Chemist: 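This is the structure, below, for whatever I ask next.
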Amino acid sequence: MNILEELRSRFREPLSQWVDDPEPYLAMVRRAQDVRFGDVQANFAMPLAKRVGQNARELATEIVASLDVSDLCEEPEVAGPGFINLRLRTDWLEQATASLVTDERLGHVAVSTARNYVVDYSAPNVAKPMHVGHLRSTVIGDSLCRLLRFQGHRVIGDNHIGDWGTQFGMLIFGYKHFLDAEAFRREPVQELARLYRLVHQLSSYHDARRELPAQQEQLAQLRKQIEAAEKASDVEPKQRSRTLKKLRKSLEEVAERCRQLEAACAAVESSPELKSLADAYPDIAEQARAETAKLHAGDEENRRLWELFLPSCLDALQRIYDRLGISFDLTLGESFYQPMLEEVVEELQGKGIATESEGAVCVFVEGNEAPLIIRKTDGAFTYATTDLATIKYRREKLKAESILYVVDARQSEHFRLVFEVARRWGFGNIDFRHVRFGTVLGRDGKPFKTRSGDTVGLESLLDEAVARARAIVDENDDAKPDGPELDEATRTAVAEVVGIGGIKYADLKHNRESDYVFDWDKMLAKNGDSATYIQYAYARICGIFRKGGVDREQLRREGGTIRIERPVERALVVQLLQFPEAIDAAAVECRPNFLAQYLFATANRFTAFYDECQILPEQDADRRRGWLLLCDLTARALKLGLELLGISVCERM
RNA sequence: GUCCCCGUAGCUCAAUCGGAUAGAGCGUCGGCCUCCGGAGCCGAAGGUUGCAGGUUCGAAUCCUGCCGGGGAUACCA
């Protein structure tokens, strides 16, 4: 039972005597913020009182009089300006908790009307190695799939991979000119990655060489302008300082850009080998683009190479997904939609939604200067075209009712336009949602990079996490009073669970919309709000059962009464009963951090309980049994909750 | 230039479409191991929620302006 929902439904009848639509007021029934206000508080009396022109306290009192919650709660209290405070009855709590013992879903009730969801997440570009930037989409998207599915919805997780873009032109060009055939035979993925990096480096070198003089010129210009502005005496001081600030900021940006370009040049010029390659291929970027164009135009050779590369690229991705414990129902990349793009453009033009402008086919959306371009001047389609084709496919073939895009917040404008165009096109019945997330930053507050400025590869990130976790596991196990108890294989397995779990949890615990700082030390911290802490709480409970020789299945079958005699017990019980609320809130708002927060609080309340109540030595058999039942429920809540975040647990660690 | 997002404890972050005395973790300080796993527990200090106005019973949350940060902005995805 979702307690909040239950109490809301109790208020529905009394409220409907005051308003036609009680729903918005029912939403104001929520968990109490402070134990002094009970367990649940209803805050609707104040706004409602204003609407019906009555005193809020009196109104609250009247509503309470016609409210029937006596089976669940103590006598409701009206407090302050008109808050209604509800405190759950101890006997009800005891009975409700006992009823969870045999409930596999721990009180959560599946939705009555299931919807068809398509969740679009991860979506790496397959031609280049995955990096830290893909982590958030992958991890958040996976958790949302799990949550929605648990709620009872039909969910299709779709990995909309980039398998058709300019990166493939670079690979093809690299393969044709720089291939180490032996290396490709042995380790195709590594060789492809090398080719990608090489072509990318050479083409950015030429770009940099070309761009640098202009940037340096601008740098000089800005310096002059700043000098001039500093001397200017005919403008208001305020205006002048504003201008100066703006100029200085531009200066900084341009200077930074120059440094980058110089570094790109130096990297190539310091290596005779690279330099001679660069000299040999001065127009490498155009040539790579030409290879992409040929691929798109159906060139046989390039098509063959694309088909040759793709399986290895997908294998490389799969390795990472396997390690993360993430799977997709579909992997339909951009190439899949290629045959449909022509028709998309024709349809939109036919309906008068798209028009030609400056040689490109565009859709203009009110309030936006820049149009959505669905066919470029050169005739090529864009990712906007693909996104639109994808929507049509998902609606018509996958019967999608809701589509979630778990994508970087920087693409907000793109999605706003795409959704708007899709609605005009006739897909207004789809519930579109851009589940946006912020950037992963390094400890310096800038986008997370290696010391040399490269993006951090995802695989090495996972290796690092597991290695750090392993060190902690070793240290902990070696320090056990009765000597180490984990063998080599177990330690390896535990380190994997702790390391991967740590990375995922660090991501999921944050509000996804804000940027977050990637910090190894916090991620795998032995204490505090981390996956490790929750996993450890779970392992401790398992330890109790192991040590006590308790068969959990049997314990559940036999049942027993759960008595609430101390505050720590009550706190834990209330927490356990809130499991359904945490799941629903996280799923409805697409915010896994709600669930993460819940799990941390649950683990925390458990350890407080555990600290105060000596379970195994307890002499009173009924009390001991009740405590064991609480342990079992807690363990199950932690395990299931972590599972819905995509995080595993260990019996010992 | 236009548009979008953000600014909360020393640090990293919460705060469930406006609710009561703004919460956690880390760090700091102080307690707790003859006791089931101390990767732990309990407690303390720490805040004018960037600034100034406004809206109302009530504002971190909504509106306006300013300051500061980030991002997007016609043919890369």
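Just so it is clear, the model here is predicted, and its values are computed rather than measured. The figures here come from the full heavy-atom set of this structure, side chains too, leaving out hydrogens, waters and symmetry mates. Reminder, nothing fancy here: chain letters follow the sequence lines and each chain counts from 1.
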Chemist: For T382(A) and A74(B), is the shortest distance between a side-chain N/O and OP1 or OP2 below 4.0 Å?
Modeler: no

Chemist: Tell me whether the ring of Y536(A) lies stacked over the G40(B) base, given a 5.5 Å limit on centroids and a 30° limit on the plane angle.
Modeler: no

Chemist: Looking only at the aromatic ring of each residue, does the gap between the centers of F600(A) and Y533(A) stay below 6.0 angstrom?
Modeler: yes

Chemist: I want to check one thing: is the phosphate of C17(B), taken as OP1 and OP2, less than 4.0 Å away from some side-chain N or O of R30(A)?
Modeler: yes

Chemist: Tell me which of G162(A) and A469(A) sits closer to the 5' end of RNA chain B, going by the nucleotide each one is nearest to.
Modeler: A469(A)

Chemist: Would you mind telling me which residue lines up with the more 5' stretch of RNA chain B, R31(A) or T166(A), judged by nearest nucleotide?
Modeler: R31(A)

Chemist: Tell me if a side-chain donor or acceptor on H131(A) pairs with a main-chain N or O of G133(A) at a distance below 3.5 Å.
Modeler: yes

Chemist: Say you pick atom P in A20(B) and the same atom in C35(B); how far apart are they, in whole Å?
Modeler: 45 Å

Chemist: With a 3.5 Å cut-off and just heavy-atom distances, do the side chain of R36(A) and the base of U21(B) make a donor-acceptor pair?
Modeler: yes

Chemist: Can you tell me whether the base of C17(B) sits syn or anti, using the 90° cut around 0 to define syn?
Modeler: syn

Chemist: What nucleotide, of C13(B), C36(B), A74(B), holds the atom closest to the side chain of K547(A)?
Modeler: C36(B)

Chemist: If you only use heavy atoms from C-beta on, which nucleotide in C41(B), C36(B), C57(B) is closest to the side chain of I544(A)?
Modeler: C36(B)

Chemist: If you go through the side-chain atoms of D529(A), does one of them form a donor-acceptor pair with the base of A24(B) closer than 3.5 Å?
Modeler: no

Chemist: Taking atom C1' in both C62(B) and G69(B), what distance in whole Å separates the two?
Modeler: 23 Å

Chemist: Under 3.5 Å, is there any donor-acceptor pair linking the side chain of N368(A) to the base of A74(B)?
Modeler: no

Chemist: Choose from U16(B), U56(B), G40(B) the nucleotide whose nearest atom is closest to any side-chain atom of R540(A).
Modeler: G40(B)

Chemist: D611(A) has a side chain; which of C41(B), G38(B), G19(B) sits nearest to it?
Modeler: C41(B)

Chemist: By nearest atom, which of the nucleotides G70(B), C5(B), A39(B) is closest to the M653(A) side chain?
Modeler: A39(B)

Chemist: Look at the side chain of S530(A) against the base of A39(B) and say whether a donor-acceptor pair falls under 3.5 Å; ignore hydrogens and angles.
Modeler: no

Chemist: Distance criterion of 3.5 Å, no angle test: do you see the side chain of E369(A) paired donor-to-acceptor with the base of G1(B)?
Modeler: yes

Chemist: What's the spacing between D39(A) CG and N85(A) CG if we round to 0.5 Å?
Modeler: 10.0 Å

Chemist: Please give the distance between the P atoms of U12(B) and G70(B) as a whole number of Å.
Modeler: 15 Å

Chemist: Show your reasoning for whether side-chain hydrogen bond (donor to acceptor under 3.5 Å, both in side chains) applies to H108(A) and D584(A).
Modeler: CA-CA 9 Å; H108(A) 187 276; D584(A) 290 339; 2.6 Å; yes

Chemist: If we take the P atom in both G27(B) and A22(B), what is their distance in whole Å?
Modeler: 25 Å

Chemist: Any side-chain N or O of T607(A) under 4.0 Å from OP1/OP2 of C41(B)?
Modeler: yes

Chemist: Let's see if you can work this out: which of G25(B), G19(B), A15(B) has an atom nearest to the side-chain heavy atoms of K522(A)?
Modeler: G25(B)

Chemist: Among the nucleotides A39(B), G19(B), A14(B), which one has an atom lying closest to any side-chain atom of T532(A)?
Modeler: A39(B)

Chemist: Is it true that K504(A) and D507(A) make a salt bridge, defined as a side-chain N closer than 4.0 Å to a carboxylate O?
Modeler: no

Chemist: Taking the P atom of each, how far is G25(B) from C42(B), in whole Å?
Modeler: 9 Å

Chemist: Figure out the CD/P separation between Q33(A) and A15(B), and round it to whole Å.
Modeler: 12 Å

Chemist: When you measure from the side-chain N and O atoms of K128(A) to the phosphate of C76(B), is any distance below 4.0 Å, counting only OP1 and OP2?
Modeler: no

Chemist: Among A74(B), A39(B), A72(B), which is the nearest nucleotide to the side chain of R410(A)?
Modeler: A72(B)

Chemist: Mind checking who C29(B) pairs with, Watson-Crick or G-U wobble, both distances under 3.5 Å?
Modeler: G43(B)

Chemist: With a 3.5 angstrom cut-off on both distances, give the Watson-Crick or G-U wobble partner of G18(B), or none if there isn't one.
Modeler: none

Chemist: Strictly by Watson-Crick or wobble contacts shorter than 3.5 Å, is anything paired with G1(B), and which nucleotide is it?
Modeler: U73(B)

Chemist: What is the distance, to the nearest angstrom, from the CZ atom on F606(A) to the P atom on A39(B)?
Modeler: 15 Å

Chemist: Rounded to whole angstrom, note down the P distance from U64(B) over to G71(B).
Modeler: 24 Å

Chemist: Does any nucleotide pair with C13(B) by Watson-Crick or G-U wobble geometry, both distances under 3.5 Å, and what is it?
Modeler: G23(B)

Chemist: Can the ring centroids of Y405(A) and H160(A) be said to lie less than 6.0 angstrom from one another?
Modeler: no

Chemist: Tell me which nucleotide, if any, is Watson-Crick or G-U wobble paired with U64(B) when both distances must be under 3.5 Å.
Modeler: A52(B)

Chemist: Regarding A14(B), can its base be found pairing with the side chain of Q597(A) as donor and acceptor, where the two atoms are less than 3.5 Å apart?
Modeler: no

Chemist: Does a side-chain N or O from Y533(A) land closer than 4.0 Å to OP1 or OP2 of C41(B), or not?
Modeler: yes

Chemist: Could you measure between the two P atoms, the one in G58(B) and the one in U21(B), and give it in whole Å?
Modeler: 13 Å

Chemist: Look at the side chain of N593(A) and decide which nucleotide, out of G37(B), C36(B), A15(B), has an atom nearest to it.
Modeler: A15(B)

Chemist: Determine, stepwise, if the pair V498(A) / Q535(A) fulfils side-chain contact (heavy atoms from CB on, under 4.5 Å).
Modeler: CA-CA 8 Å; V498(A) 170; Q535(A) 288 167 325; 3.8 Å; yes

Chemist: Please determine whether ring pair (Phe, Tyr, Trp, His ring centres under 6.0 Å) holds for the pair F606(A) and F609(A), giving the CA-CA distance in whole Å, both sets of side-chain angles, and the decisive distance to 0.1 Å.
Modeler: CA-CA 5 Å; F606(A) 175 79; F609(A) 156 78; 5.8 Å; yes

Chemist: Can you check whether N511(A) has a side-chain N or O nearer than 4.0 Å to OP1 or OP2 of A15(B)?
Modeler: yes

Chemist: Nearest of C36(B), G37(B), C35(B) to any side-chain atom of A539(A)?
Modeler: G37(B)

Chemist: Does the Y25(A) side chain pair with the main chain of A45(A), one donor and one acceptor, at a distance under 3.5 Å?
Modeler: no

Chemist: Report the base-pairing partner of U8(B) (Watson-Crick or G-U wobble, both distances below 3.5 angstrom), or none.
Modeler: none

Chemist: Between A9(B) and A24(B), how far apart are the two C1' atoms, rounded to whole Å?
Modeler: 11 Å

